[in-house]
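It should be emphasised that the depicted structure is a prediction, and the values quoted were computed from it without experimental measurement. Position 1 is the first residue of the sequence, and the numbers go up from there.
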Amino acid sequence: MKRFVKQGFVSGLALSAALIAGAAWAKDDITIAMQLEPPHLDPTSAAAQAIDSVVYVNIFEGLTRFMGDGSIVPALAESWEISEDGTVYTFKLHEGVTFHDGSAMDAEDVKFSLDRARAEDSANAQKALFAGIDSVDVVDPLTVKVTLTEPNGNFLFNMAWGDAVIVAPESIENIKTAPVGTGPYTFGEWVQGDKIVLNRNTGYWGDQPALAQATFKFISDPTAAFAAMMAEDVDVFTGFPAPENLPQFEADPRFQVLVGSTEGETILSTNNKQAPFDNVKVRQAMAHAIDRQAIIDGAMFGYGTPIGTHFAPHNPAYVDLTGNSAYDPDKAKALLAEAGLPDGFETTLHLPPPSYARRGGEIIAAQLAEVGIKAEIINVEWAQWLETVFKGKNFGLTIVSHTEPMDIGIYARPEYYFQYDNPAFQELMTTLNSTTDPDKRTELMQQAQRIISEDYVNGYLFQLAALSVAKAGVQGLWANAPTAATDLSAISWSE
C-alpha cells in the first residue's frame, strides 16, 4: 500500500528521536496460544480445525471469505455475476495477486484448485461442497466461469470455507509442511510440538497488516494454559481450555476475556452402522441418559448452550428440539429393554484432547453407566482420532465439536464417519441446495433439524462457546467464531 508524506523540514536529530520513541510503543509482533497443534498445514485435505485456525485468511485465501460477524465478502474474487437460472457464476479476480513464491495467481489456479477439490481421488474433507460443480472454465487470466449442475443457494457460502482456498499447482508437493498461499502472511517456520511462525507478506496484494510477525504456540494442558497467560508468556489464548479460570482473568486489569459464540455443535458422535447403535431405540436411550446441563456445568463451568439437533442456536432458522432428548434415566432404561438390552451393553468412547471432550467424556461415561451402558474411555491424540475415528470409523462413541459453519449437510453423506444413511434426508438436502428462496430454505433447514433429532443420530450436547483470553492492549480479535480462524489482519496493539 502506497503512503504519501507531506513535504516538510525535519531535522535528522528530531527524526531519530521520533523513531526511537515510536519503537518503544509500536509493538508489531504477537504470540497466540492454541490447545491443539495442526496435524499439517493443508486446509484442503484434512478435517482438523486447528489447520484453519492458523492458515485461514492468513496464508490461504479463497474466492470469498468469512468475516468475524459471519458475513460473506469478496476475497480473491473482486466481483461476480450469476446467470438468471442461477447455475453459472462468473468470477472476476483481483489484478496483481501473487503467491508467496512470487508467481502470479490467475484463473488457471482457481480452476486447478476447484478441480482438485472435486476430483474422484480428492482428499478434501468437505468434498461435498464441490459436488454440484459441473465445470470450471478459464475465460481469461482474470476471469473464471463455474457452471453448476443446478442452482445452489449456498455456493458463495461454500466458497468461503477453508477447504475451498486457492492453491498453486507447483506448491502441492510441500503444501502440508511449507504452505504457499496468497494471504497477508507467509509461512516462517514450524517447530513441531512447540510453535508455528508467520511473517508479514510485504508483497501482499491488499492492505498491509499491522503485525509483522505472529507466533502460534501449542499448549494442550489446561493448567499450563493458565500459567502461560498469568506469566504473560503469551499474548492471546484462543479457545481457552480452562473456563474455571476466566473469572480470575476478568478481575485482572492486565487481561481481557472474550466470550462469544461458535459454529461448534458439540456432540456425542455415534457409529450408526455398529451394533447396537444401528437400532434407533438404543440411540434414543442414550440421548435420554445424558444430562446436558451437568456436562456444561462440569466440563465447561456453565459456558455453552444446550442443543437438541445439529444446528447453531444463534442461526435464525434454529429450532429448539432439546425436549426430544430430555434427561430421563428411567425412560433410557425402558428403551434399552425394548431394544432387547435390559442389562445394557459395552462400547468404546474415544476422546480427543480438547477439554470439552476429555472432561465431558468422564461425565458422560458416568451418566451412561447409570443406565447400564459401560463406555470404555480411550484417550487419543488428534492425529489418532483422525485416523481411527474419522477415517477408520473404528469406534463406538466419541465426543467432538463440529466447528464448520452450518454443516447439517454432513448428515446426507452415508460415508461420513458416523455413517447415517437416510435417503429421505439426502433428498431434502438436495432440495435445499437447489433452493434460493430464503423462506423456503428456512423451512427446509427446520425440517432437516427435526429429522436428525427424531432419528437420534448423535447425542446433541451443547453449542461450544468461543472463549479467549488476551492482554488488555490487543485489539481486533474475533469475539465470535463463524469459522475456525485467527484473522491476523484484523489484529493490532493499542498505542
Side-chain angles (χ1 to χ4, degrees), residues 32 34 38 41-44 46-80 89 91 93-94 97 110 113-114 117 124-126 128-130 146 152-167 179 181-185 198 204-207 209 214 238-239 258 260-265 310-318 401-410 433 438 441 445 463-466 468 476-491:
I32 299 173
M34 300 163 43
L41 297 177
D42 177 12
T44 67
Q49 71 162 30
I51 300 174
D52 276 357
S53 294
V54 173
V55 306
Y56 183 77
V57 301
N58 296 326
I59 291 178
F60 291 111
E61 299 173 298
L63 294 172
T64 59
R65 60 157 290 178
F66 292 105
M67 297 298 287
D69 61 1
S71 60
I72 308 295
V73 300
L76 293 177
E78 184 179 60
S79 61
W80 51 81
Y89 287 71
F91 293 96
L93 306 177
H94 279 282
V97 178
V110 175
S113 300
L114 297 184
N124 197 296
Q126 302 296 338
L129 294 173
F130 313 93
V146 181
N152 185 341
N154 264 350
F155 185 65
L156 294 174
F157 176 88
N158 292 349
M159 291 300 98
W161 283 45
D163 308 80
V165 295
I166 305 305
V167 297
T182 59
Y185 287 88
L198 305 186
Y204 183 54
W205 61 272
D207 292 337
T238 62
L258 286 76
S261 62
T262 77
E263 291 294 322
E265 290 82 25
H310 197 108
F311 215 75
H314 56 258
N315 191 299
Y318 176 74
S401 279
H402 282 257
T403 57
E404 295 82 7
M406 205 175 72
D407 59 348
I408 196 169
I410 58 179
N433 286 338
R441 285 181 60 82
M445 284 188 282
Q463 198 73 14
L464 191 68
S468 296
L477 287 167
W478 285 10
N480 300 317
T483 191
T486 308
D487 185 0
L488 294 173
S489 66
I491 300 174

So [Y] and [X], do their side chains get closer than 4.5 Å, heavy atoms only?
| X | Y | answer |
| --- | --- | --- |
| Q126 | N158 | no |
| W80 | T64 | yes |
| P184 | E61 | yes |
| Y56 | P43 | no |
| L156 | F91 | yes |
| Y89 | L63 | no |

Shortest non-hydrogen contact between [X] and [Y], atoms and distance:
| X | Y | value |
| --- | --- | --- |
| F311 | I408 | CD1-CD1, 4.2 Å |
| S401 | G264 | OG-O, 4.2 Å |
| A77 | H94 | C-CD2, 4.1 Å |
| G70 | P482 | CA-CB, 3.6 Å |
| V146 | F155 | CG1-CZ, 3.7 Å |

*Aromatic rings H310 and H402: how do their planes relate, parallel, tilted or perpendicular, breaks at 30° and 60°?*
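Perpendicular: the ring planes of H310 and H402 meet at over 60°.
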Rounded to the nearest 0.5 Å, what separation is found between the [atom1] atom of [X] and the [atom2] atom of [Y]?
| X | Y | atom1 | atom2 | result |
| --- | --- | --- | --- | --- |
| E263 | Q49 | CD | CD | 12.0 Å |
| I72 | N154 | CD1 | CG | 9.5 Å |
| Y204 | Y185 | OH | OH | 10.5 Å |
| E78 | L93 | CD | CG | 9.0 Å |
| I51 | I59 | CD1 | CD1 | 11.5 Å |
| N152 | N433 | CG | CG | 5.0 Å |

*Begin with the C-alpha distance, continue with both residues' side-chain angles, and end with the deciding distance and a verdict on side chain to side chain contact (heavy atoms under 4.5 Å, CB included) for M34 and V54.*
CA-CA 9 Å; M34 300 163 43; V54 173; 3.8 Å; yes
*asked:* Please check: side-chain N/O of N124 versus main-chain N/O of D163, any donor-acceptor pairing under 3.5 Å?
replied: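 Yes; at least one donor-acceptor contact below 3.5 Å.
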Would you mind writing out the side-chain donor-acceptor pairs for residues 484-491 within the sub-3.5 Å range, not counting sequence neighbours?
{"residue": "T486", "atom": "OG1", "partner": "S53", "partner atom": "O", "Å": "3.0"}
{"residue": "D487", "atom": "OD1", "partner": "S489", "partner atom": "N", "Å": "3.2"}
{"residue": "D487", "atom": "OD1", "partner": "S489", "partner atom": "OG", "Å": "2.6"}
{"residue": "D487", "atom": "OD2", "partner": "R65", "partner atom": "NH2", "Å": "2.9"}

*For W205 and L76, what are the C-alpha separation, side-chain angles and deciding distance, and is it a side chain to side chain contact (heavy atoms under 4.5 Å, CB included)?*
CA-CA 10 Å; W205 61 272; L76 293 177; 3.8 Å; yes
*asked:* For a side chain to side chain contact (heavy atoms under 4.5 Å, CB included) check, start with the C-alpha distance between L198 and N58, then their side-chain angles and the critical distance, and finish with the verdict.
replied: CA-CA 8 Å; L198 305 186; N58 296 326; 4.1 Å; yes
*In sequence, state the C-alpha distance, the side-chain angles, and the governing distance for T483 and W161, and then conclude on side chain to side chain contact (heavy atoms under 4.5 Å, CB included).*
CA-CA 8 Å; T483 191; W161 283 45; over 6 Å; no
*asked:* List the residues meeting side-chain contact (heavy atoms from CB on, under 4.5 Å) with S261, not counting sequence neighbours, and say none if there are none.
replied: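 Counting only residues at least two positions away or on another chain, S261 forms a side-chain contact (heavy atoms from CB on, under 4.5 Å) with H314, N480.
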